Peer 1: 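This is the structure I want to talk about, given as structure tokens.
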Amino acid sequence: MSNKITLIFTVLFSLSLFANVSQAEKDVLIKLNQATNGAKWINKWDLSLPMNKWYGVKVVDDKVISINLNNNNLTGRIPVEITTLLNLQELNLGTNLLNGEIPLNIGNLKNLQILDLSFNKLTGFIPVSICTLPNLKVLVLDRNILSGELPPQIGKLSMLENLSLYENSFQGQLPVSFYELKSLKSLSLYSNRFTGKLSPAIGNLVLLENLNLFDN
């Protein structure tokens with residue numbers, strides 16, 4: 001009997017943990033909705049429904065793994081709370097009207113594979129913490145108002161296959177570590193302010209299929 005009671009309490013405790021995780025992530029999504037004027041979205045969320053019924057949200061095992069709100073009339077800033085969604089594999093907020101900066105601690109999202117914030121009005125720099133995302137395969141920041149130099153540590157993105165930063169105001173030379181991106185297949189850096197020379201080490205990028213560097 002004692003064993004059965006213990007088992008029941010264990011199950012209930014486990015369920016409560018999952019419920020807490022789900023509620024915490026739900027709170028973050030509600031914050032995202034509020035911060036980006038959810039009432040004016042093209043595809044709005046009915047917050048009374050379960051999270052897996054919300055447009056652009058994918059939930060697996062009670063965890064949010066994907067947010068894709070591309071071209072959905074989001075305005076305002078990306079809330080920093082979004083960096084607490086530690087199970088997130090995809091964050092696509094492209095083709096909206098977001099402003100402000102990319103959250104500095106976005107590197108907390110260690111499971112992130114796709115980050116697309118393109119076609120917005122984001123300003124500031126690429127946070128150095130992005131370079132600590134071990135699983136990142138796609139980094140797309142096109143058509144914003146981003147500036148500064150690429151982080152010196154960018155070469156740590158060993159899984160990166162697609163890097164697209166065109167039509168911003170990035171400047172300076174490509175960092176030495178850039179030539180260590182050996183998984184890179186597509187690179188679009190055109191219409192920026194990059195200077196200097198390409199290193200012969202670009203030959204290390206043996207998987208590269210697409211290279212656009214014009215208008216720098």
Side-chain angles (χ1 to χ4, degrees), residues 56 58 65-72 74 78 82-83 88-99 101-104 106-107 109-216:
K58 184 175 182 180
I65 66 165
S66 176
I67 300 174
N68 187 337
L69 297 173
N70 186 280
N71 195 22
N72 201 38
L74 276 66
I78 302 171
I82 206 166
T83 61
L88 206 58
Q89 298 175 20
E90 177 185 17
L91 178 59
N92 186 341
L93 304 179
T95 317
N96 284 293
L97 298 169
L98 297 169
N99 56 45
E101 300 181 347
I102 301 171
L104 293 178
I106 198 159
L109 305 177
K110 300 303 182 188
N111 289 304
L112 202 62
Q113 298 178 23
I114 299 172
L115 177 59
D116 187 343
L117 304 177
S118 61
F119 289 66
N120 279 288
K121 298 180 179 180
L122 298 173
T123 55
F125 309 93
I126 294 179
V128 173
S129 69
I130 278 185
C131 303
T132 66
L133 297 173
N135 299 300
L136 193 65
K137 295 182 178 180
V138 176
L139 177 57
V140 182
L141 303 175
D142 314 327
R143 287 196 178 182
N144 279 286
I145 318 172
L146 297 167
S147 58
E149 298 185 358
L150 298 187
Q153 304 92 331
I154 196 168
K156 292 183 178 180
L157 296 173
S158 60
M159 302 293 289
L160 195 64
E161 297 178 1
N162 181 1
L163 177 60
S164 193
L165 308 176
Y166 67 80
E167 293 187 25
N168 279 285
S169 295
F170 293 117
Q171 61 191 38
Q173 298 191 41
L174 300 182
V176 174
S177 75
F178 174 84
Y179 302 101
E180 298 172 9
L181 296 172
K182 295 182 180 180
S183 296
L184 208 58
K185 296 179 180 179
S186 180
L187 174 63
S188 293
L189 303 182
Y190 64 84
S191 296
N192 279 286
R193 299 175 183 174
F194 290 115
T195 56
K197 297 180 179 181
L198 283 178
S199 167
I202 196 168
N204 294 337
L205 310 183
V206 294
L207 298 180
L208 199 61
E209 300 172 351
N210 179 43
L211 175 63
N212 285 305
L213 303 176
F214 65 85
D215 192 20
N216 277 290

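Since we're looking at a predicted model, the values are computed, not measured.
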Peer 1: So, S66 side chain and K58 main chain: donor-acceptor pair closer than 3.5 Å or not?
Peer 2: no

Peer 1: Working to the nearest 0.5 Å, report the span between OG1 of T95 and CG of N70.
Peer 2: 4.0 Å

Peer 1: Is a donor on one side and an acceptor on the other found under 3.5 Å between the side chain of D142 and the backbone of L165?
Peer 2: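 Here the side-chain-to-backbone pair exists.
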
Peer 1: Any pair with a residue in residues 152-167 that passes salt bridge (charged side-chain N to carboxylate O under 4.0 Å, His left out), sequence neighbours left out, goes on the list, sorted by first then second residue, please.
Peer 2: R143-E167

Peer 1: Looking only at non-hydrogen atoms, find the nearest pair between L205 and Y179 and report the distance.
Peer 2: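 Looking at all heavy atoms of both residues, the closest pair is CD2-O, 3.7 Å.
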
Peer 1: Donor-acceptor pair, N216 side chain versus R193 backbone, under 3.5 Å?
Peer 2: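 Judged by distance alone, yes, a pair lies under 3.5 Å.
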
Peer 1: Between L150 and F194, is any pair of side-chain heavy atoms under 4.5 Å apart?
Peer 2: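 With C-beta onward as the side chain, the pair touches.
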
Peer 1: Are the side chain of N204 and the backbone N or O of I202 linked by a donor-acceptor pair below 3.5 Å?
Peer 2: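 No, the answer is negative, given that no donor and acceptor are paired below the 3.5 Å cut-off.
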
Peer 1: Do you know the tightest heavy-atom contact between L117 and L141?
Peer 2: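 Scanning both residues, the minimum pair turns out to be CB-CD2, 3.9 Å.
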
Peer 1: Within the distance-only criterion (no hydrogens, no angle test), does the side chain of N192 pair as donor or acceptor with the backbone N or O of N168 below 3.5 angstrom?
Peer 2: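 The answer is yes, because a donor-acceptor pair under 3.5 Å joins these two groups.
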
Peer 1: Identify the two heavy atoms, one from L122 and one from N144, that lie closest to each other, and give their separation to 0.1 Å.
Peer 2: N-OD1, 3.0 Å

Peer 1: Just do the side chain to side chain contact (heavy atoms under 4.5 Å, CB included) check on Q89 and I114 with the steps written out, would you?
Peer 2: CA-CA 6 Å; Q89 298 175 20; I114 299 172; over 6 Å; no

Peer 1: Can you check whether K121 reaches L97 side chain to side chain, under 4.5 Å on heavy atoms?
Peer 2: yes

Peer 1: Rounded to the nearest 0.5 Å, what's the gap from OG on S158 to CG on L181? Could you check?
Peer 2: 9.0 Å

Peer 1: Of all heavy-atom pairs between L112 and E90, which one has the smallest distance, and what is that distance?
Peer 2: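 Distance-wise, the nearest heavy atoms are CD1-N, 3.8 Å.
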
Peer 1: Between L88 and I67, does the side chain to side chain contact (heavy atoms under 4.5 Å, CB included) criterion hold? Intermediate values first, please.
Peer 2: CA-CA 8 Å; L88 206 58; I67 300 174; 3.9 Å; yes

Peer 1: Can you classify the ring geometry of F119 versus Y166 as parallel (below 30°), tilted (30 to 60°) or perpendicular (above 60°)?
Peer 2: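 Perpendicular.
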
Peer 1: Apply side chain to side chain contact (heavy atoms under 4.5 Å, CB included) to N120 and N99, showing your working.
Peer 2: CA-CA 7 Å; N120 279 288; N99 56 45; over 6 Å; no

Peer 1: Ignoring hydrogens, what is the shortest heavy-atom contact between L93 and L74? Give both atom names and the distance.
Peer 2: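 Smallest interatomic distance, heavy atoms only, reads CD2-CD2, 4.1 Å.
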
Peer 1: Has S129 got a side-chain atom pairing as donor or acceptor with G107's backbone, closer than 3.5 angstrom?
Peer 2: yes

Peer 1: Nearest 0.5 angstrom please: I106 CD1 to I126 CD1, how far?
Peer 2: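 It is 11.0 Å, given to the nearest 0.5 Å.
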
Peer 1: If you take all heavy atoms of P175 and I154, which pair is closest and at what distance?
Peer 2: CG-CG2, 3.8 Å

Peer 1: Verify side chain to side chain contact (heavy atoms under 4.5 Å, CB included) between L98 and I78, making sure each step is shown before the conclusion.
Peer 2: CA-CA 7 Å; L98 297 169; I78 302 171; 4.0 Å; yes

Peer 1: When you measure from the side chain of N210 to the backbone of L187, do you find a donor-acceptor pair of N or O atoms at a distance under 3.5 Å?
Peer 2: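 Flag not set: sc N210 to bb L187 has no pair under 3.5 Å.
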
Peer 1: Within the supplied structure, the quantity of interest is the number of heavy atoms (other residues, nucleotides, ligands) at a distance under 6.0 Å from K110 NZ; does it exceed 12?
Peer 2: yes

Peer 1: So how far is it from L109 CG to L115 CG, rounded to the nearest 0.5 Å?
Peer 2: 8.5 Å

Peer 1: From L174 CG over to S199 OG, what is the distance, rounded to the nearest 0.5 angstrom?
Peer 2: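 With rounding to 0.5 Å, CG (L174) is 9.5 Å from OG (S199).
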
Peer 1: Enter the distance from Q173:CD to K197:NZ here, rounded to the nearest 0.5 Å.
Peer 2: 9.5 Å

Peer 1: Ignoring hydrogens and angles, tell me if any N or O in the side chain of N96 forms a donor-acceptor pair with the backbone of N72 under 3.5 Å.
Peer 2: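 A pair under 3.5 Å: yes.
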
